[in-house]
2 protein chains.
Amino acid sequence: MLSLTEENYLKAIYHLSDGGTKSVLTNEIAESIQTRPASVTDMVKKLAVKNLITYEKYYGVKVTKHGKSEALTIIRKHRLWETFLVEKLGFDWGQVHDVAEQLEHIQSPLLIEKLDEFLGYPAADPHGHPIPDKHGKFHVSRQIPLAEATKKKTVARAVKNSSQSFLDYLSKIGIYIGATVQILERMEFDGSIEIMIDGKKKVYISKEASENILVTE
Amino acid sequence: MLSLTEENYLKAIYHLSDGGTKSVLTNEIAESIQTRPASVTDMVKKLAVKNLITYEKYYGVKVTKHGKSEALTIIRKHRLWETFLVEKLGFDWGQVHDVAEQLEHIQSPLLIEKLDEFLGYPAADPHGHPIPDKHGKFHVSRQIPLAEATKKKTVARAVKNSSQSFLDYLSKIGIYIGATVQILERMEFDGSIEIMIDGKKKVYISKEASENILVTE
DNA sequence: TATAAAGTTTAGGTTAACCTAAAAAAATAT
DNA sequence: ATATTTTTTTAGGTTAACCTAAACTTTATA
Ligand SMILES: [Mn+2]
Ligand SMILES: [Mn+2]
Ligand SMILES: [Mn+2]
Ligand SMILES: [Mn+2]
């Protein structure tokens with residue numbers, strides 16, 4: 001069984017590795033988890049002993065099969081709780097992340113199965129992120145950042161950034177998961193774009209914002 | 001803000017003090033929390049510095065006003081979560097305690113208010129224990145152990161012991177919160193009693209069991 | 001290729017929450 | 001009242017998870 005801290009490290013490493021595909025460096029982990037590189041080195045050795053990652057001194061870590069499965073369990077819990085908070089308790093999609101950050105560490109396989117059932121086995125969380133099933137399986141449709149879309153008409157499917165401030169901003173301008181987004185014009189000089197939301201509302205959004213909205217064409 | 005450990009100590013002390021009325025000794029705390037007396041002495045000093053209890057060397061601790069209010073918040077959370085698990089997720093009343101023991105430490109005032117609302121502001125948890133409101137207020141009707149009841153006909157209102165094994169036993173013989181319990185006969189030699197549940201089922205229960213069922217006459 | 005810069009690890013400390021063993025105080029028994 | 005037992009505290013360690021500063025390794029630059 002993993003400690004809360006070990007779980008947070010493992011989840012961070014998994015996310016940074018793009019689902020276990022690439023290896024992750026000490027400084028990236030330190031940055032993402034808000035600790036010092038020296039602390040990361042300590043923890044990374046512990047996780048390697050537990051067979052959750054492989055660690056090659058100076059060259060970073062890779063997530064093992066076992067580590068991937070543990071990470072996906074934590075992510076599953078995180079996203080199920082976020083879904084619960086929004087769907088059942090009426091939280092705003094920008095309010096759920098920090099609470100889910102705590103709830104994801106509750107240890108009870110029964111709880112998570114019952115919660116999943118209660119929510120009707122959702123496929124995605126309020127941010128459009130896929131929820132792994134109890135075996136760690138999930139499906140993602142081909143999503144691209146709005147910034148890279150070539151077709152004029154797209155549908156918002158997920159956000160890349162789940163921060164309160166970004167989600168509050170999206171809500172304010174009227175973007176939500178499932179909204180249709182038409183690209184009206186790209187500004188040459190700063191990459192900002194003019195879009196039409198649900199065929200009704202025209203707004204300008206920055207390049208930065210458009211990179212954090214994932215769409216299907 | 002309190003650590004998880006501090007919260008567990010404070011809650012244990014509050015329970016042992018009968019709602020803040022009497023003072024609590026080091027060994028009682030150690031016993032209840034499954035630690036060594038020396039560890040209790042350490043923690044008790046910390047809690048005293050934080051003004052949650054008063055500590056008189058060799059004579060035990062008392063819960064302060066502030067400590068009582070913090071303890072009641074934790075108890076409120078514990079009981080709301082237990083109610084959620086039974087009412088919404090379909091847990092058995094014997095399965096909830098350990099999970100609630102973890103959930104009670106989640107830090108989010110918003111979460112707990114929304115959960116309370118979602119549950120319809122319940123007055124008691126699945127074990128019949130009162131749920132304090134957000135100001136720490138709650139009401140208990142005059143409940144006595146079935147072992148001490150003098151009237152023939154009583155109604156089960158709460159359990160004194162929330163262990164899985166005791167609750168499984170109660171379910172098995174057909175006792176639940178709200179069940180009517182008629183006392184048919186008391187056995188002189190071991191204090192066991194014969195009862196009729198809901199006017200239908202006759203069973204014998206031990207003195208021990210009858211001391212852990214709280215009823216109103 | 002030698003040197004500088006960047007990234008990482010090691011060495012050595014801190015704090016919270018535990019522990020055992022010894023010392024001290026309080027309660028009980030003679 | 002004194003001696004014994006019980007309870008509690010103190011002293012001194014351990015472990016997990018952090019930290020800073022110094023020592024390394026790797027990578028980039030001259
Ligand atoms: Mn977390
Ligand atoms: Mn999410
Ligand atoms: Mn607890
Ligand atoms: Mn309860």
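What's counted below: heavy atoms across the whole structure, side chains too, no hydrogens, waters or symmetry copies. Order of the sequence lines sets the chain letters (A, B, ...), proteins ahead of strands, with each chain counted from 1.
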Exercise. Mind running a 4.0 Å heavy-atom check of residues 33-42 of chain A against DNA chain D and sending the residues that fall below it, in number order?
Key: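 Here the set is A:Thr35, A:Arg36, A:Ala38, A:Ser39, A:Asp42.
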
Could you state the atom-to-atom distance from [atom1] of [X] to [atom2] of [N] in whole Å?
{"X": "A:Leu25", "N": "D:dT25", "atom1": "CG", "atom2": "P", "value": "18 Å"}
{"X": "B:Met1", "N": "C:dA16", "atom1": "CE", "atom2": "C1'", "value": "14 Å"}
{"X": "A:Tyr59", "N": "D:dC24", "atom1": "OH", "atom2": "P", "value": "17 Å"}
{"X": "A:Glu56", "N": "C:dT9", "atom1": "CD", "atom2": "C1'", "value": "15 Å"}
{"X": "B:Met43", "N": "C:dC19", "atom1": "CE", "atom2": "C1'", "value": "14 Å"}
{"X": "A:Glu31", "N": "C:dG7", "atom1": "CD", "atom2": "C1'", "value": "14 Å"}

Give a yes/no answer on whether the side chain of [X] brings an N or O atom under 4.0 Å of OP1 or OP2 in [N].
{"X": "B:Ser3", "N": "C:dA16", "value": "no"}
{"X": "A:Tyr9", "N": "D:dC18", "value": "yes"}
{"X": "B:Asn27", "N": "D:dT8", "value": "yes"}
{"X": "A:Tyr58", "N": "C:dT9", "value": "no"}
{"X": "B:Lys45", "N": "D:dT9", "value": "no"}
{"X": "B:Lys57", "N": "D:dT7", "value": "no"}

Quiz item: Under the 3.5 angstrom rule, does the side chain of B:Glu82 hit a backbone N or O of B:Pro126 as a donor-acceptor pair?
Solution: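 Not at all, since once roles are kept as given, no pair shorter than 3.5 Å links the two residues.
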
Quiz item: Among A:Arg142, A:Lys151, A:Arg157, which residue meets the side chain to side chain donor-acceptor pair (under 3.5 Å) test with A:Thr216?
Solution: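 Filter result, single survivor: A:Arg157.
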
Quiz prompt | A:Lys88, NZ atom: more than 12 neighbouring heavy atoms under 6.0 Å | solution =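 Check passes, neighbour count above 12.
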
Exercise. State plainly whether the residues B:Glu211 and B:Lys207 are in salt-bridge range, i.e. N to O under 4.0 Å.
Key: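 Salt bridge between B:Glu211 and B:Lys207, a charged N being under 4.0 Å from a carboxylate O: yes.
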
Quiz prompt | A:Lys11 and A:His15, any side-chain heavy atoms less than 4.5 Å apart | solution =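 A side-chain contact exists here, since the closest heavy-atom pair is under 4.5 Å.
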
Self-check item: Residue pair A:Leu47 / A:Tyr55, side-chain heavy-atom distance below 4.5 Å
Solution: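 Side-chain contact under 4.5 Å: no.
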
Exercise. Specify whether B:His129 and B:His127 have parallel, tilted or perpendicular ring planes, treating 30° as the upper limit for parallel and 60° as the lower limit for perpendicular.
Key: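 Aromatic pair B:His129/B:His127 classed tilted.
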
Practice problem: Give the nucleotide from the list C:dA27, C:dT10, D:dT8 with an atom nearest to the side chain of B:Thr26. | Solution: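 Closest nucleotide among those given: D:dT8.
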
